[in-house]
There are 2 protein chains.
Amino acid sequence: MARDRRVKYTKMILRESLIKLLLEKPIARVTVKELCEKADINRATFYTHYTDQFDLFKQIEAEFIADVNSYLDNFTLEQGETGLFQLIVKIFEYVEKNSELCRVLLGRNGDMDFQTHIMQIVGKRVFFEWGKRKKVDEIIAEYIYTYVATGSIGIIRKWLFEENQESPEKMAALVARLANKGIEAFIS
Amino acid sequence: MARDRRVKYTKMILRESLIKLLLEKPIARVTVKELCEKADINRATFYTHYTDQFDLFKQIEAEFIADVNSYLDNFTLEQGETGLFQLIVKIFEYVEKNSELCRVLLGRNGDMDFQTHIMQIVGKRVFFEWGKRKKVDEIIAEYIYTYVATGSIGIIRKWLFEENQESPEKMAALVARLANKGIEAFIS
DNA sequence: TAAGTTATTCAACACGATGTTTATTAATAG
DNA sequence: CTATTAATAAACATCGTGTTGAATAACTTA
């Protein structure tokens, strides 16, 4: 009942080949033909698993989000500001470990939809930690949430392409401080 | 020496037609054929002006950035916090006036490259206003700059797709406050 | 290990979009 | 008005697409 090893290999090599291609050019410039040539997989085989290159791309994104979630689930956090800080450290560590994929998904060849999606996923966790302790107006809160989440991803993206990367701890301290200050500005 | 009216029309109608198409689907799903049919322009004519649909798209983005810049150049700002606030109000007013195009360029069908680009352009202005008054560490400053700029664009994007939009003044007040607080957190 | 299942490959196909070229027509600038 | 030049229409080779049927190879399970 376990999944066929051939299928595993096919999906794996196609996945890796697409990521390699996306390091060079946007998904819109990638053809199914060249992807299959790079992966050394028959085109007909590709079509038994995916409808087109975008389909595969979406699945890579979905797997990434699932992986991030399960990764973050494995940590029990302390209460208060320390817990929030720890969470952000973990996020930076994860990005560091998966830098190639992150560069593809968050870089210039990534798509906006995913950006928004990952922002909501990660942002909710951070915001949840913070929300345990503070209260703000509803509409304002959503905007602050958006601001903090997109701003943080912006920092991650910059950090991701930096020559001499600062440590995850330093970055987390920076982000946590920015988030807290921005949020505190609106406590009634 | 003035540009031929036929050329003006061709470029204009192609531009408008592409924007209409981009309200429905991403640029990768748009074909030159359908674009030309929508614009009622011969395909051969399209190829005398652009290499492909991406080329036209890039030009639309470039024109947008040029337009934003010249728009913002037309305002002389007061000194200090009032000046920064005024600038942000102007940005929100601009977005409101050009909401259709902004929805295309900043929405889910926009591309990340443009997002980064516009972030730098607008962010530099805001940061310049702020930089007149404060001093911070170099590397930290760049991260804060990135954070504030991407966060602000995140807010603009959310606002752009809202049912009952808050006024530009209210939004500007929110953004200015968030920017100032985040920045002040790092003054030595 | 053997048997039956199933994924992959290969070749071929019709189809549509691409990018280019030619001659022709129509609009424009001066 | 005239010379210029842009847009059109039709045709073309080329390429990627998505699907098919038969042959082959690898896998799972008993």
Side-chain angles (χ1 to χ4, degrees), chain A residues 1-63 66 104 108-111 113-114, chain B residues 1-63 104 108-111 113:
Chain A
M1 210 56 188
R3 197 157 99 235
D4 199 310
R5 277 179 288 178
R6 289 169 295 182
V7 177
K8 274 188 189 173
Y9 174 79
T10 300
K11 293 197 167 187
M12 191 261 292
I13 194 72
L14 279 172
R15 188 192 129 99
E16 283 183 8
S17 301
L18 181 55
I19 291 170
K20 289 281 178 294
L21 285 172
L22 290 175
L23 285 169
E24 300 161 14
K25 50 179 150 184
I27 183 74
R29 299 285 194 184
V30 175
T31 66
V32 175
K33 187 168 182 272
E34 72 174 328
L35 170 60
C36 291
E37 278 170 1
K38 193 178 189 74
D40 193 31
I41 293 292
N42 193 279
R43 225 154 44 77
T45 307
F46 175 90
Y47 285 111
T48 64
H49 296 296
Y50 311 100
T51 63
D52 52 32
Q53 64 271 56
F54 304 101
D55 185 27
L56 172 54
F57 187 55
K58 291 285 174 197
Q59 291 195 28
I60 291 175
E61 289 178 340
E63 280 172 35
V104 165
R108 64 178 56 212
N109 293 341
D111 80 321
D113 241 13
F114 173 75
Chain B
M1 210 56 191
R3 200 158 96 231
D4 197 307
R5 277 178 288 178
R6 289 170 294 182
V7 177
K8 275 187 187 174
Y9 174 79
T10 298
K11 292 197 166 188
M12 191 261 293
I13 193 71
L14 280 172
R15 190 192 127 98
E16 284 183 5
S17 301
L18 181 55
I19 291 170
K20 289 281 178 293
L21 285 172
L22 289 175
L23 286 169
E24 300 161 14
K25 52 179 150 183
I27 183 73
R29 300 285 192 185
V30 175
T31 65
V32 174
K33 187 169 182 269
E34 72 174 327
L35 170 59
C36 291
E37 277 169 3
K38 193 176 189 75
D40 193 30
I41 293 292
N42 194 281
R43 252 176 64 248
T45 307
F46 174 90
Y47 285 111
T48 63
H49 294 296
Y50 311 101
T51 62
D52 52 31
Q53 63 271 55
F54 304 101
D55 185 27
L56 171 54
F57 187 55
K58 291 285 174 198
Q59 291 195 29
I60 291 174
E61 289 179 340
E63 280 172 36
V104 165
R108 66 178 57 214
N109 293 342
D111 80 320
D113 240 14

Check your understanding: For N42(A) and dT17(D), what is the distance between atoms CG and P respectively, to the nearest whole Å?
Key -> 13 Å
Practice item. Would you kindly give the OH-to-P distance between Y50(B) and dT20(C), to the nearest whole Å? Key: 16 Å
Exercise for review: Give a yes or no on whether a salt bridge exists between K33(B) and E37(B), defined as a side-chain N under 4.0 angstrom from a carboxylate O.
Suggested key: yes
Practice item. Taking only the side-chain nitrogens and oxygens of R5(B), find out if one of them lies under 4.0 Å from OP1 or OP2 of dA29(C). Key: yes
Review point. Hey, does the side chain of T31(B) come within less than 4.0 Å of dG16(C)'s phosphate (OP1/OP2), counting only N and O?
Key: no
Review point. Rounding to a whole Å, what distance do you find between I41(B):CD1 and dA27(C):C1'?
Key: 13 Å
Exercise for review: Assign R6(B) to base, sugar-phosphate, or nothing according to its heavy-atom contacts below 4.0 angstrom with the strands shown.
Suggested key: base
Review point. Which nucleotide sits closest to the side chain of D4(B): dT17(D), dA7(C), dT28(C)?
Key: dT28(C)
Review point. Quick one: does R29(A)'s side chain get under 4.5 Å of N109(A)'s, heavy atoms only?
Key: no
Exercise for review: Rounded off to whole Å, could you give me the CG-to-C1' distance for the D55(A) and dG18(D) pair?
Suggested key: 14 Å
Point to revise | Gap between atoms CD and C1', on E34(B) and dG16(C) respectively (whole Å) | key: 13 Å
**Study point:** Side-chain donor or acceptor of Q53(B) paired with backbone N/O of V30(B) under 3.5 Å
**Key:** yes
Practice item. Pick base, sugar-phosphate or nothing for T45(A), based on heavy-atom distances below 4.0 Å to the nucleic acid. Key: base
Review point. Is any side-chain N or O of Y47(A) closer than 4.0 Å to OP1 or OP2 of dT19(D)?
Key: no
Review point. Which whole-number value in Å describes the distance from F46(A) CZ to dT20(D) C1'?
Key: 18 Å
Check your understanding: Nearest of dA6(D), dC10(C), dA7(D) to any side-chain atom of A44(A)?
Key -> dC10(C)
Review point. Does any non-hydrogen side-chain atom of K20(B) lie less than 4.5 Å from one of E16(B)?
Key: no
Check your understanding: Could you state the CG-P distance from D52(A) to dG16(D), rounded to the nearest angstrom?
Key -> 16 Å
Review point. T48(B) side chain N/O closer than 4.0 Å to the phosphate oxygens (OP1, OP2) of dA6(D)?
Key: no
Review point. Would you say a side-chain N or O of H49(B) is under 4.0 Å from OP1 or OP2 of dA6(D)?
Key: no
Check your understanding: Does the pair K25(B)/E34(B) count as a salt bridge with the N-to-O cut at 4.0 Å?
Key -> yes
Review point. Does any donor-acceptor pair link the side chain of R43(A) with the base of dG18(D) at a separation under 3.5 Å?
Key: yes
Review point. How close or far is atom C1' of dT14(D) from atom NZ of K33(A), stated in whole angstroms?
Key: 11 Å
